[in-house]
Amino acid sequence: MPTITLPDGSQRSFDHPVTVAEVAASIGAGLARAALAGRVGDKLVDTSYRLEGDCKLSIVTDRDPAGLEIIRHSTAHLLAQAVKQLFPEAQVTIGPVIEDGFYYDFAYSRPFTTEDLAAIEARMRELSKSDLAVERREMARDAAVAYFRGIGEAYKAEIIASIPATEAISLYGQGDWVDLCRGPHVPSTGKLKAFKLMKVAGAYWRGDSRNEMLQRIYGTAWPDQKQLDAYLHRLEEAEKRDHRRIGRELDLFHMQEEAPGAVFWHPKGWRLFQRLIAYMRVRQEAAGFQEVNGPELMDRSLWIASGHWEQFGENMYTTQTPDERVYAIKPMNCPGHVQIFKQGLRSYRELPVRFAEFGKVHRYEPSGALHGLMRVRAFTQDDAHVFVAPEQLTAEAVAMTQLILSIYRDFGFDELRIKFSDRPAKRVGSDAIWDQAEAALRQAADAAGIEYTFNPGEGAFYGPKLEFVLRDAIGRDWQCGTLQVDLNMPVRLGAHYIDEHSQKQTPVMLHRAIFGSLERFLGILLEHHAGKLPTWLAPVQVVLMGITDRQHEYVLKTADLLKKQGLLVECDLRNEKVGFKIREHTLQRVPYLLVAGDKEVAANLISVRSRSGKDLGTMPAQTFIERLAVELESRGRRSLED
RNA sequence: GCCGGCAUAGCUCAGUGGUAGAGCAGCGGUUUUGUAAACCGUUGGUCGGGAGUUCAAAUCUCUCUGCCGGCACCA
């Protein structure tokens, strides 16, 4: 005799076991139609799930995030069913939900074409229209392995075989098709109405490049057509903020075939780049860092000693000189900084020693990894290494975490993901050292009060790391900042200090980067702001223009005034209409446009227009300068428009 | 590196075996202009590189390079 308690606290009693669907129907016909699944306690179940005893139940519809996830998961099944009907030779593997959609990997003799994709999508629509019931059943593991082997699904059988033998396997069937799945799923395929197949790509079986390549089909699915259309529109908008496009439109940089993965910075882009450096210098200096500079080329022996040659030798650029020595072009700055630390005897009194460098590094990245400014072969790190005594480690790591977060906030990145990555399979150093390093970093992260996710096995080969991850316009995540605890490199490279008992000690080394790669950070920054950089960063902050050439002298004089304040100013004295000039400079995302006509000249004023198109009225140049100063000093938190 | 796609003027793109095109940009004029595109004229391309098929290749084939979307990698 189950009594069901609903989310609003109301209760319903039944004199026999009921399904989730029946409970939904007892509440209302509309809810019965909208029901995708049920939530019993914390557990998601199908609408066909039978409630035998008293429980708390909520009906999951597409308004529930869990409901949307179920729709996407079920759409992945619909995709697999359609593929099996059209390409019976294809084998199914896995089909998980991802952000905004899903994918499904198939093993097939050839890649799917875009024509295939259209045919598959059309078949999915037919299957949806047929409104096939989705039914769950359970099977013993070994029986399930035998079943999938029997129907020629070797991959599925392999997956099931890796599940413990004692577990019952749930299978979901719809029409002629059955898949292994934990569920839950929508009650019938008719619930799947708004979906679209997006692209095909290769993907390795079990994510291992030694395995065969499968054919992955990506799709998106939404509760209704309107939300699907909105999503597709968002994608189009995101494309417009692609940093590669903005870089060209704003004449910031270019790349070309002769230098794959390397950037040609144009004047405005380089100015922007230098402004990032100038900002970081100020922040670093205040935080006790000393800027240093190491050689670009160092003998291979140093990289062998550090362990980089062993780990990354394949990805290092090398050069052989006439004396037959082999040098590596530095792929990172740490060994250089250790050499500087090693000069002379270091006292414990000097610690922490904080060396920072804007170091240009070269890494021969795999060709397929290159991606605009985000992944290049030649890039500049705001790299720093801090040598501390073990007891200073936590405080130093906490301070650095806070510095990173504070700097990100200055750039408008309030939301970022932080990941904690621990020891990778390929590493140097004993487990005892790793235990120590991981514990220290975790302790520091907790002391800093940050929230992070756990990223097992993704640490650097010499130590665990915190990764500060930013997201680009179309949702790809990129590691920017990093903080690493390293107990290995100081030993390998022979760094020491003398403690208070005159004993030689090995310092702990912290690696940290805040921008990470300036190139990448700039790419993210451009996308984050859609090219509309905050005024304090903009390579051109103000453009002045006259309406006719009668105002030229006044414009030049006013521009001089602004330039003397250190503002980045250009004058547009071209023989063009003011509307044309406004349009061009607005497209160039110049923060402020100042216009002077005869009226302004007569009154000794300027007319101010913001990038957003707002007319801020006329004012004396001095007033503009003062109000702009407030915006610049607050790094855009306060604006001249306010 | 792997799978797939793409590569035509500075940019965005059309051209699918038969004499390389458009819009914008650029350049030369005219216009002295009031807050997101004035008007007229005009320059510009070994169709990514190489090889092949063909009477004939931007177009078909092979190959190399680069880029794009994924996967793998990311000190």
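Lettering of chains follows the sequences in order, A, B, ..., and the numbering in each one begins at 1.
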message: Considering every strand and a 4.0 Å limit on heavy-atom distances, what is the contact class for G313(A): base, sugar-phosphate, or nothing?
response: nothing
Ranking C68(B), G70(B), G34(B) by distance to the side chain of K199(A), first place goes to G70(B)
task = Would you indicate what R244(A) reaches in the nucleic acid, counting non-hydrogen atoms under 4.0 angstrom: base, sugar-phosphate, or nothing?
result = sugar-phosphate
| said: Counting the atoms with a prime plus P, OP1 and OP2 as sugar-phosphate, which does D208(A) contact under 4.0 Å by heavy atoms, base, sugar-phosphate, or nothing? | reply: nothing
Interatomic distance at P, U8(B) relative to G48(B), whole Å:
6 Å
*Which part of the nucleic acid does R248(A) contact within heavy-atom distance under 4.0 Å: base, sugar-phosphate only, or nothing?*
sugar-phosphate
Would E396(A) and R354(A) satisfy salt bridge (Lys or Arg N to Asp or Glu O under 4.0 Å), going step by step from the backbone distance to the final call? CA-CA 10 Å; E396(A) 189 66 20; R354(A) 305 183 185 91; 2.7 Å; yes
Q. NA contact type, S607(A), heavy-atom cut-off 4.0 Å: base, sugar-phosphate, or nothing?
A. base
Indicate, with a heavy-atom threshold strictly under 4.0 Å, whether R476(A) touches base, sugar-phosphate, or nothing. sugar-phosphate
Item to complete: Decide whether a cation-pi geometry holds between R520(A) and F379(A); the criteria are a distance under 6.0 Å from NZ or CZ to the six-membered ring centre and an angle within 45° of the ring axis.
Response: no
### Query
Taking atom C1' in both A57(B) and G18(B), what distance in whole Å separates the two?
10 Å
In whole angstroms, the gap separating C1' of C74(B) from OH of Y462(A) amounts to 12 Å
For R427(A), the salt bridge (Lys or Arg N to Asp or Glu O under 4.0 Å) test, sequence neighbours excluded, returns D431(A)
Check: At under 4.0 Å between heavy atoms, what does P260(A) touch on the DNA or RNA strands: base, sugar-phosphate, or nothing?
Finding: sugar-phosphate
Pair R609(A) + D615(A), salt bridge at N-O below 4.0 Å = no
Sorted by position of nearest nucleotide on RNA chain B, 5' first, the leading residue of R363(A) and G261(A) is G261(A)
Per nearest nucleotide of RNA chain B, the residue lying toward the 5' end, F461(A) or T618(A), is T618(A)
Here the distance between atom P of G10(B) and atom NE2 of H266(A), to the nearest Å, is 14 Å
Worksheet entry | C1' atoms of G17(B) and U53(B), separation to the nearest Å | 12 Å
Polar atom pairs between nucleotides 2-9 of chain B and protein, under 3.5 Å, N or O only, would you list them?
from: C2(B); atom 1: O4'; to: Y204(A); atom 2: OH; distance (Å): 3.4
from: C3(B); atom 1: O2; to: G202(A); atom 2: N; distance (Å): 3.4

From CD of E212(A) across to C1' of C71(B) the rounded distance in Å is 13 Å
For G49(B) and A37(B), measure between their P atoms and round to the nearest Å.
39 Å
| request: Go through the side-chain N and O atoms of Q215(A) and D105(A) and say whether any donor and acceptor fall under 3.5 Å apart. | output: no
- [ ] With heavy atoms under 4.0 Å as the rule, sort T548(A) into base, sugar-phosphate or nothing.
- [x] base
Self-check item: G28(B) and G21(B), which share atom name C1', separated by this distance in whole Å
Solution: 23 Å
At under 4.0 Å, does any side-chain N or O of R609(A) touch on OP1 or OP2 of A36(B)? yes
Rounded to whole Å, the CD-C1' distance (Q479(A) to C74(B)) equals 8 Å
Next item on the list: Check every strand shown and say whether Y218(A) touches a base, only sugar-phosphate, or nothing at a heavy-atom separation below 4.0 Å.
Entry: sugar-phosphate
Taken to the nearest whole Å, CG/L370(A) to P/G70(B) is 14 Å
Tell me what K614(A) touches on the nucleic acid: a base, only sugar-phosphate, or nothing, going by heavy atoms under 4.0 Å. nothing
When rounded to whole Å, the CZ to C1' distance for the pair R245(A) and C13(B) reads 13 Å
In numerical order, the residues of residues 578-600 of chain A whose heavy atoms come under 4.0 Å of RNA chain B are V578(A), G579(A), F580(A), I582(A), R583(A), T586(A), L587(A), V595(A), G597(A), D598(A), K599(A), E600(A)
K614(A) meets the salt bridge (Lys or Arg N to Asp or Glu O under 4.0 Å) criterion, sequence neighbours left out, with E641(A)
- [ ] Taking only Lys NZ, Arg NE, NH1 and NH2, and the carboxylate oxygens of Asp or Glu, determine whether E121(A) and K196(A) approach each other closer than 4.0 Å.
- [x] no
Can you see whether W309(A) has R300(A) sitting over its ring - NZ or CZ less than 6.0 Å from the centre and within 45° of the normal?
yes
(request) Please determine if R206(A) and E158(A) form a salt bridge, counting it only when a charged side-chain N lies under 4.0 Å from a carboxylate O. (result) yes
task: Give a yes or no on whether a donor-acceptor pair under 3.5 Å exists between the nucleobase atoms of C71(B), that is its base, and the side chain of R216(A).
output: no
| request: Could you give the distance separating C40(B) and C24(B) at their P atoms, to the nearest angstrom? | output: 10 Å
Taking NZ, NE, NH1 and NH2 as the nitrogens, is one of them in R245(A) or E249(A) under 4.0 Å from a carboxylate oxygen of the other? yes
Parsed dot-bracket for RNA chain B after applying the Watson-Crick and G-U rules with both distances under 3.5 Å and | for other-strand partners is (((((((..((((....[..)))).(((((.......))))).....(((((..]....))))))))))))....
P spacing across the pair C64(B) / C27(B), given as an integer number of angstrom: 42 Å
Rounded to whole Å, CE of M255(A) lies from C1' of U65(B) at a distance of 16 Å
Answer with base, sugar-phosphate or nothing: what part of the nucleic acid does G207(A) contact at a heavy-atom distance below 4.0 Å? sugar-phosphate
Contacts satisfying salt bridge (charged side-chain N to carboxylate O under 4.0 Å, His left out) that involve residues 110-119 of chain A (not counting sequence neighbours) are R110(A)-D116(A)
- Query: Should K268(A) and D251(A) count as an ion pair when the cut-off is N to O under 4.0 Å?
  - Reply: no
How is D615(A) classified with respect to the nucleic acid when contacts are heavy atoms under 4.0 Å: base, sugar-phosphate, or nothing?
-> nothing
Checklist entry - Can E458(A) and K419(A) be counted as an ion pair, charged N to O under 4.0 angstrom? => result no
*Which is true for R210(A) with a 4.0 Å heavy-atom rule: it touches a base, it touches only sugar-phosphate, or it touches nothing?*
nothing
I94(A) atom CD1 is separated from G70(B) atom P, nearest whole Å, by 17 Å
Problem - Aromatic ring proximity F355(A)/F289(A), centre distance under 6.0 Å - result: no
task: Could you work out the separation of A22(B) and G45(B) based on their P atoms and round it to a whole Å?
output: 14 Å
Using only atom types and a distance under 3.5 Å, with no angle test, would you say the side chain of R72(A) pairs donor to acceptor with the backbone of A221(A)? yes
